[in-house]
Amino acid sequence: MTGAMTRSGQGGVYVLLGNPVAHSLSPLMHKAAYRTMGLDADYVAFQVEDLKRAVEGIRGLGIRGASVTIPFKESVISLLDELDEEARTLGAVNTILNQGGRLKGCNTDWIGFSRAFEGHLEIKGKSIAVLGAGGGARAAAFAVLRAGGSVVILNRNVKRAQQLAYELGCEYEPLEGIAKLEAEVLVNTTPVGMSPHEWECPVPVEILGNFKAVMDLIYNPVRTRLLRGAKEAGAFVISGLEMFVQQGAEQIRIWTGMEPPLERMRQVVMEALGVTRGD
Ligand code: NAP
């Protein structure tokens with residue numbers, strides 16, 4: 001027999017399932033991590049046209065683990081055998097672990113958020129405004145609530161904000177109310193300001209001084225218009241890059257049981273994005 005089934009130790013093949021995946025930095029980051037860890041492992045991105053067959057392929061080919069990204073984080077759930085508690089609560093899976101043909105769905109986005117944020121500021125006791133009501137917002141709000149912070153969700157479509165607030169047990173406001181909002185931290189989870197629309201900002205720049213800290217989930221560019229405006233207004237800023245690295249690092253822990261080389265992972269992602277430390 002050849003292929004993943006015969007690979008020994010913690011090697012093997014890991015895949016990314018998404019559509020599109022062409023610009024994903026996950027293959028670069030994971031491969032660099034495996035090399036540094038001395039693992040005989042590979043990571044391949046697949047643009048998935050048929051999710052059901054792709055998931056069958058994980059079982060059939062003995063693929064050890066998969067990352068799941070847009071637009072499959074929710075639809076993949078019905079194709080799996082079990083979910084961990086957090087993925088079930090969040091209703092989203094970004095990580096699949098293959099346990100001898102039984103596929104377990106996990107979510108590392110919220111852990112990535114939590115580690116990235118708490119690397120700088122404690123969440124407990126903070127009031128945090130989450131802009132957006134999609135997958136990223138869900139992960140961020142869940143992480144904040146679990147760590148003892150309070151959340152108010154603001155979204156363009158207020159019905160989605162209301163629904164998410166109801167599911168997670170937090171507050172919501174229409175997006176227009178942001179100027180009068182009393183929150184210490186603003187977290188952007190919308191794609192507004194993402195490359196190639198780097199000049200866009202999801203909120204008026206004039207209000208950024210209202211917040212002590214601003215985090216953007218976007219990591220390309222690393223310094224978004226939002227973060228540049230917030231820094232100029234005197235707020236502490238956190239980029240989405242560390243969340244991206246941390247969610248990938250947690251996937252490696254789940255798949256291999258080994259400690260990932262965080263510094264090397266940060267380094268390759270920063271190089272790929274053309275940033276240097278302190279940018
Ligand atoms: P998503 O599920 O599609 O949700 C997008 C949200 O943004 C929705 O609430 C949507 O509002 C809102 N939105 C979209 N365009 C908008 C606009 N022009 N003005 C105002 N609101 C707008 O996407 P997602 O998975 O949460 O991802 C969102 C961003 O977070 C992406 O840039 C992604 O790369 C980033 N992200 C980063 C990480 C990381 O590890 N750093 C992890 C997850 C996500 P409506 O409901 O009104 O449509």
Side-chain angles (χ1 to χ4, degrees), residues 16-26 28-30 67-76 87 90-95 107-117 119 129-144 151-165 167-168 172-178 186-204 214-227 237-252 262 265-266 269-270 272-273 275:
L16 168 65
L17 308 181
N19 191 349
V21 292
H23 298 292
S24 172
L25 294 177
S26 291
L28 178 86
M29 181 172 77
H30 279 269
S67 307
V68 182
T69 189
I70 293 175
F72 302 124
K73 288 184 184 181
E74 289 162 22
S75 52
V76 78
L90 275 161
V93 161
N94 79 327
T95 309
N107 191 301
T108 70
D109 280 333
W110 76 273
I111 299 174
F113 176 89
S114 198
R115 299 229 164 98
F117 193 100
V130 173
L131 210 59
R138 204 168 261 274
F142 177 81
V144 171
V151 173
V152 52
I153 293 169
L154 300 102
N155 192 44
R156 179 175 62 178
N157 176 340
V158 74
K159 283 233 152 57
R160 280 188 85 193
Q162 183 179 20
Q163 177 62 30
L164 183 55
E167 280 178 40
L168 295 178
Y172 74 95
E173 288 273 350
L175 191 50
E176 300 74 50
I178 190 142
L186 176 68
V187 175
N188 174 46
T189 76
T190 79
V192 180
M194 198 162 80
S195 173
H197 302 284
E198 289 103 334
W199 62 90
E200 292 179 0
C201 188
V203 296
V214 176
M215 177 168 172
D216 204 332
L217 262 56
I218 293 173
Y219 55 88
N220 187 12
V222 175
R223 290 285 170 241
T224 55
R225 178 80 190 85
L226 175 78
L227 293 188
V237 298
I238 307 173
S239 125
L241 189 143
E242 184 65 13
M243 173 174 171
F244 176 68
V245 170
Q246 293 283 356
Q247 62 77 32
E250 190 60 23
Q251 294 185 319
I252 294 176
L262 278 167
M265 293 166 75
R266 272 182 208 114
V269 176
M270 284 171 71
L273 293 171
V275 283

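The model shown is predicted, which means the values in this text are computed figures rather than measured ones. In each ligand, atom 1 is the first atom listed, and ligand 1 is the first ligand listed. Just the heavy atoms: all of them, side chains too, but no hydrogens, waters or symmetry mates, feed the values below.
Gly134 CA, 3.4 Å is the protein heavy atom nearest to atom 4 (O) of ligand 1. Protein heavy atom at the shortest distance from atom 42 (C) of ligand 1 is Met243 CE, 3.5 Å. When hydrogens are left out, the protein atom nearest atom 2 (O) of ligand 1 is Gly135 N, 3.0 Å; that is the closest non-hydrogen contact. Ranking protein heavy atoms by distance to atom 27 (O) of ligand 1, first place goes to Thr189 O, 4.1 Å.
Considering only non-hydrogen atoms, atom 10 (C) of ligand 1 lies nearest to Asn155 out of Asp109, Ile70, Leu164, Asn155. Between atom 13 (N) of ligand 1 and the options Pro191, Ala116, Gly132, Pro202, the minimum heavy-atom separation is to Pro191. Among Leu241, Leu217, Asp216, the residue whose heavy atom lies closest to atom 35 (C) of ligand 1 is Leu217.
The side-chain heavy atoms of Thr224 and Asn188, taken from C-beta on, include no pair separated by under 4.5 Å. Inter-residue side-chain proximity for Lys73 and Asp109 is flagged as met; some heavy-atom pair is nearer than 4.5 Å. Looking at Val203 and Leu186, their side chains come closer than 4.5 Å, going by heavy atoms from C-beta outward. Val144 is listed as a side-chain neighbour of Phe113, based on a closest heavy-atom distance under 4.5 Å.
Contacts with ligand 1 closer than 4.0 Å are made by side-chain heavy atoms of Met194 only, the backbone lying farther away. The backbone and the side chain of Phe244 each have at least one atom closer than 4.0 Å to an atom of ligand 1 (non-hydrogen atoms only). Of all the heavy atoms of Val192, the ones lying under 4.0 Å from any atom of ligand 1 belong exclusively to the side chain.
Using a 4.0 angstrom heavy-atom cutoff, Gly112 does not count as in contact with ligand 1.
Polar contact with ligand 1: present for Asn157 (N/O pair, distance under 3.5 Å). Taking distance alone, with nitrogen or oxygen atoms compared against 3.5 Å, Ile218 stays at or beyond that limit from ligand 1. Note: an N/O pair closer than 3.5 Å links Arg156 and ligand 1 by distance alone.
Residue Arg115 forms a side-chain hydrogen bond (donor to acceptor under 3.5 Å, both in side chains) with just one option from Glu250, Glu242, Gln247, and that option is Glu250.
For the pair Arg225 (side chain) and Cys201 (backbone), a donor-acceptor distance under 3.5 Å is absent.
In this structure, atom 33 (C) of ligand 1 is not in close contact with the protein, since no protein heavy atom lies within 4.0 Å of it.
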| said: Using side chain to side chain contact (heavy atoms under 4.5 Å, CB included), reason through Leu262 and Gln246 one step at a time and then give a plain yes or no. | reply: CA-CA 8 Å; Leu262 278 167; Gln246 293 283 356; 3.9 Å; yes
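The Arg160 neighbourhood of ligand 1 comprises atoms 8 (C), 9 (O), 45 (P), 46 (O), 48 (O), with distances under 4.0 Å to a heavy atom of that residue. Ligand 1 places these atoms under 4.0 Å from at least one heavy atom of Gly136: 24 (P), 25 (O), 26 (O).
Using modelled atom types and a 3.5 Å distance limit, the side chains of Gln163 and Glu167 yield a donor-acceptor pair.
Listed by chain and number, the residues in a ring pair (Phe, Tyr, Trp, His ring centres under 6.0 Å) with Tyr219 are Phe244 (sequence neighbours excluded).
The CG atom of Leu131 lies 12.5 Å from the CD atom of Glu173; values are rounded to the nearest 0.5 Å.
Counting non-hydrogen atoms of neighbouring residues, nucleotides and ligands closer than 6.0 angstrom, the CZ atom of Phe72 exceeds 12 such neighbours.
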